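So you know, we letter chains A, B, ... as the sequences are listed, proteins then strands, and number each from 1. Because the structure is predicted, anything quoted here is derived from the model rather than measured.
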Amino acid sequence: MLLNRFINLFRSTCGPLLLLTLSLGFMAGNSWALSIQDSKHLLLRAGFGAKPSLLQQLESLNRSQAINHLLNAKSQFTKVPSCVSDQIPTRKQRKAYSSAEKKAAQQANRQCRRLLKAWYLEQLINSDAVLANQMALLWHNHFTSSLKKVKSPQLMYRQHLKITEHALGDFSRLLMTMVKDPAMLIYLDNVNNTKAKPNENLGRELLELFSLGEGNYREADIVSASKALTGLGIDPLTFQSLVRKKRHDSSVKQIFGGIEIRSVDDLVAAILAQRQTANYIVKVIWLHFISREDPAKITQLAKSFGRDWDIKALLQKILNSQQFWGDRGQMFKSPLELVVGSAQLFQGLNIPARRMLGLMKQMGQDLFNPPNVKGWPKGENWLDENKLVIRLSLSNQLARAINSNMAVMGALYCKGNNITALSALPLPLHSKSNSANGNAMASSCQQKLANIVTATSWQLK
Amino acid sequence: MQRRDFLNLSASAATVAIASSFSSLSLAAANKMPVLILIELNGGNDSHNTVIDLNQLGVYQQLRPQLGLAEDERVRLDKNYALHRSLAGFIAPWQSGELALVHGLGYPEANKSHFRSIEIWDMASAHDEYLSAGWLANILPKISKSEIDALIFGRNGSAFAGGSTSHVQLDNLQAYFNKVQGVKASQQATVNSALKYLLGLNQTIVDSKTLLMRGLAKEIKLKTEFPSNVFGRQMADIAKVIRMDLQIPAFKIALGSFDTHKSQKGKHQQLLKQLADGMLALRAELIISGHWPSVMMMTYSEFGRRAAQNGSGGSDHGTAASHFLLGGRVRGGHFGDYPSLSELVDRDVMYNTDFRAVYQSVVRQWWGQPQFQLATGLDELKLLHSS
């Protein structure tokens, strides 16, 4: 803490050039305390932006300590709305509904979906375990399922709990859990995949999107995978997954040029035994945090990941890499990152959850409802003219709120250089006000904040 | 082969009558921009249940005992073919020779991933070729006489992206126009590619604002009732923009999801109905306005579906499919051969017309670009009536 104060003092008295020389000298070991620019970068990518409480927590840490701090933060979720954890009515019960009961149940279901989304959004905004949340969202988008198809908010919530449990854990367990997850079995039609009448939807996406990646399997592998998955369905009373022996094709099937499999467990083991699986998953995670691929580094990371499937250890390496720290302001914020980040920064805004969810949907991200099995868009695919216009109107609303009410912003940002922690990139010259100093007038700080949220670079991280 | 030639002949005989009724309009059409409307059937349309080859009805019924269309679920197109009942409205343009059916459309080594296969169609690449620009990404600026070369309604603008074509993606014309009012031009030099991308989008928005301001000032009132679903409303927007005469050469619209693995019949019937109603409303409107001879619609989809039904009342990803071209100067009739349902390869029908041949023929003939080439050795399909 003392050291950090000294450094801050040092920074403010010495010229930036000297600071640059110094940080270059110490960067290699990631052992020098974080600059405000470093904290910002880490929080923009590993979280949702420079949340004031997190900026403070990282203040005295160096890069690798800060990464560990974020990796070890525990999510503490508030109680879920009761409709989400309620028992699910069985088909038999549903069939016995009168038409009025049926209508009421449908209405309750719609209401419950909204409550689930609003609850999750609130957790994301309030929780300091931002990296665990980023990873949970990554897996939501990798092992996609949607409320629209699954229809049951209860099953989607149960899936969410499993994702949260394994988000930073063991990928091999996560994969096995997701293949057998009831919401997944409905989403990709495996409940209809039987020995007599195979349905290839889950078998195909399991190889194409969840494990090996497109082009790394043959059509015959899909046929075998789908056969191994026959009979894997859901118990109509408990809504747990189970294999129905009568519907399961237990014959020996060949996959990946000669591996013999019978069951679902065999199939997952065979997939994990393919070196390509680790490669593909490492690439997915790498590209979530870094804008450019680095095939050599990815192959290297995949070697150890393929041995222990330790997601946390992998993340630690990715976030400590030079590639991560050198890649600033080159990625696009997702709608969720934009909305959650804004809500975290300007807590006084008090935007109702319903409105935030609506905005996100307009920008292309409906929580728990990815558009298709490949998930939400990535990178520049988040943006087209239409979507940018919606994002810009959100920016204008933020700016108006900032201008009309000084209380909306943490005083933190109007002190010293902290205001620069809000924008991924320096603003273009014409929109910059006078250089920041500790005595800046409140109104000019407001103006700067408004400039930051309306600048094009507000869309970047 | 003989059968097809005969059909083409009879279709063109019917056209003579229609063409003469257009003659008064063709003068007006002469200086109108030829417009192409791409219609993406997102998710992989089940073309075996869209166009039925009556000569293969026996095998069809064996492959699809439940999913197959019964006699009352189809309408007769001609001696050899029937359409899904939802497409009954296509009979009129078929009889007047404005509707072409291209059969067996696909490519060698079909990829059955939604995402990879639509990329192949959008880039017009070979199955193992990875291109960064869409098939219309560089040709449109040569044809366009507008600030904006293409309007994309809804999802997926990949066919236009990655080159010099300026295109705008939107959901609703008026809502888009209202929203862009506040967007200002932003000059900023940068080497950051993400920021550059955003600034480029920003500039296109500003350009589209100027353009639409000019168009909306004409206060076009549609004379046709369009369906009230999203597809219908977007078709109405397209009709409106065409009538504004802004010289925009291309539009795209998407409908879906056609990914009917489960309980297909009801869903497919609805989607095809939306498709036909939207396309026919646009045709009706533009016949009245005199634009119809300079408009062509073309459907496409990432793949067709498996010949046999699956166990869930649906169909799995397949390969080749039949598609539609509809327009005032389209040479109606059949192109390509309907794939054999009894000679399947890995349970799928074999393609026989490369989709790139259709794309290439469209650009060459519709926009008069004889040099345009997507690959060597592609057949030329004669898609238009000689004017």
Side-chain angles (χ1 to χ4, degrees), chain A residues 149 188-189 191-201 204-205 207-209 214-215 219-220 222-223 226 230 247 291-292 328-332 362 364 371-374 379-381 383-393 396 424-425 427-431 455-461, chain B residues 42-43 110-116 128 148 152-158 161 167-172 175-176 178-184 186-190 192-195 197-199 201-202 204-205 207-208 256-257 259 261-263 306 309-314 316-317 346-348:
Chain A
K149 171 101 181 238
L188 290 178
D189 300 319
V191 287
N192 303 98
N193 183 18
T194 62
K195 186 179 177 179
K197 299 167 176 178
N199 182 312
E200 291 176 356
N201 209 1
R204 177 178 300 279
E205 306 305 2
L207 301 192
E208 179 186 330
L209 298 173
E214 200 275 313
E219 280 295 314
I222 293 194
V223 175
S226 304
T230 48
R247 297 188 186 177
S291 71
R292 268 176 258 295
R328 301 190 185 206
Q330 307 269 354
M331 295 180 82
F332 301 92
Q362 279 183 42
N372 57 47
V373 62
K374 201 177 184 180
E380 66 180 38
N381 293 326
L383 280 138
D384 54 40
E385 293 76 13
N386 202 17
K387 303 277 185 328
L388 180 58
V389 168
I390 297 160
R391 284 176 177 232
L392 294 178
S393 72
N396 286 334
L425 296 172
L427 294 190
L429 282 173
H430 61 83
S431 61
T456 315
S457 55
W458 181 245
Q459 310 301 330
L460 299 175
K461 61 176 186 177
Chain B
N42 167 230
N111 191 303
K112 288 186 217 163
S113 153
H114 290 290
F115 313 105
R116 176 58 190 149
D128 56 354
I148 303 294
I152 296 146
F153 285 83
R155 73 184 295 281
N156 185 17
S158 303
H167 55 282
V168 168
Q169 209 163 339
L170 69 167
D171 293 319
N172 172 299
Y176 175 79
N178 295 345
K179 278 183 292 190
V180 298
Q181 289 311 306
V183 181
K184 294 181 200 73
S186 163
Q187 259 87 40
Q188 202 178 334
T190 179
N192 178 324
S193 58
L195 186 57
Y197 177 77
L198 288 170
L199 293 169
L201 285 182
N202 198 81
T204 314
I205 295 170
D207 290 345
S208 68
S257 168
D259 193 20
H261 286 278
K262 194 187 154 194
S263 316
R306 191 67 53 76
Q309 65 184 37
N310 69 12
S312 322
D316 290 330
H317 302 182
D346 288 336
R347 298 180 290 159
D348 280 311

With a 4.5 Å limit on heavy-atom distance, are the side chains of [X] and [Y] in contact?
X        : Y        : answer
A/Gln330 : B/Ser193 : yes
A/Leu392 : B/Lys179 : no
A/Glu214 : B/Asn111 : yes
B/His114 : A/Arg204 : no
A/Gln459 : B/Leu201 : no
A/Glu200 : B/Arg306 : yes
B/Ser257 : A/Asn372 : no

Point-to-point distance, once rounded to the nearest 0.5 Å, from [atom1] of [X] to [atom2] of [Y]:
X        : Y        : atom1 : atom2 : result
B/Lys262 : A/Asp189 : NZ    : CG    : 6.0 Å
A/Glu380 : B/Tyr197 : CD    : OH    : 4.5 Å
B/Arg155 : A/Asp384 : CZ    : CG    : 12.0 Å
A/Leu383 : B/Asn202 : CG    : CG    : 11.0 Å

Query raised in the report: Any chance the side chains of B/Ser312 and A/Asn199 put a donor and an acceptor closer than 3.5 Å?
Result: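 Side chains of B/Ser312 and A/Asn199: pair found under 3.5 Å.
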
Can you confirm whether more than 12 heavy atoms, excluding those of A/Lys149, are under 6.0 Å from its NZ atom?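 Check passes, neighbour count above 12.
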
Quick check on [X] against chain B: is it the side chain, the backbone, both or neither that has a heavy atom closer than 4.5 Å?
X        : value
A/Ile222 : neither
A/Val191 : neither
A/Leu188 : neither

Most contact-rich option vs chain B, by heavy-atom pairs under 4.5 angstrom, among A/Lys374, A/Met331, A/Lys197, A/Lys387, is A/Lys374

task = Name the option with the most non-hydrogen atom pairs under 4.5 Å to chain B; the candidates are A/Ile390, A/Leu388, A/Asn396.
result =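 The candidate making the most pairs under 4.5 Å is A/Leu388.
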
Taking all non-hydrogen atoms of both residues into account, name the closest pair between [X] and [Y] and its distance.
X        : Y        : answer
B/Ile205 : A/Glu385 : CD1-O, 3.6 Å
A/Asn386 : B/Tyr176 : OD1-CD1, 3.7 Å
B/Ser186 : A/Thr456 : OG-OG1, 4.2 Å
A/Gly329 : B/Ala194 : O-CB, 4.4 Å

Q) Are the charged groups of B/Arg116 and A/Glu208 less than 4.0 angstrom apart, N to O? A) no

| request: Check step by step if side chain to side chain contact (heavy atoms under 4.5 Å, CB included) holds for A/Glu219 and B/Asp346. | output: CA-CA 9 Å; A/Glu219 280 295 314; B/Asp346 288 336; 5.5 Å; no

Residue selection (most heavy-atom pairs with chain A, distance under 4.5 Å) from B/Thr204, B/Leu170, B/Leu198: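 Of the candidates given, the most pairs with chain A belong to B/Leu198.
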
Task: Contact origin within B/Val183 toward chain A - heavy atom pairs under 4.5 Å - done: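 It is the side chain, since no backbone atom gets that close.
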
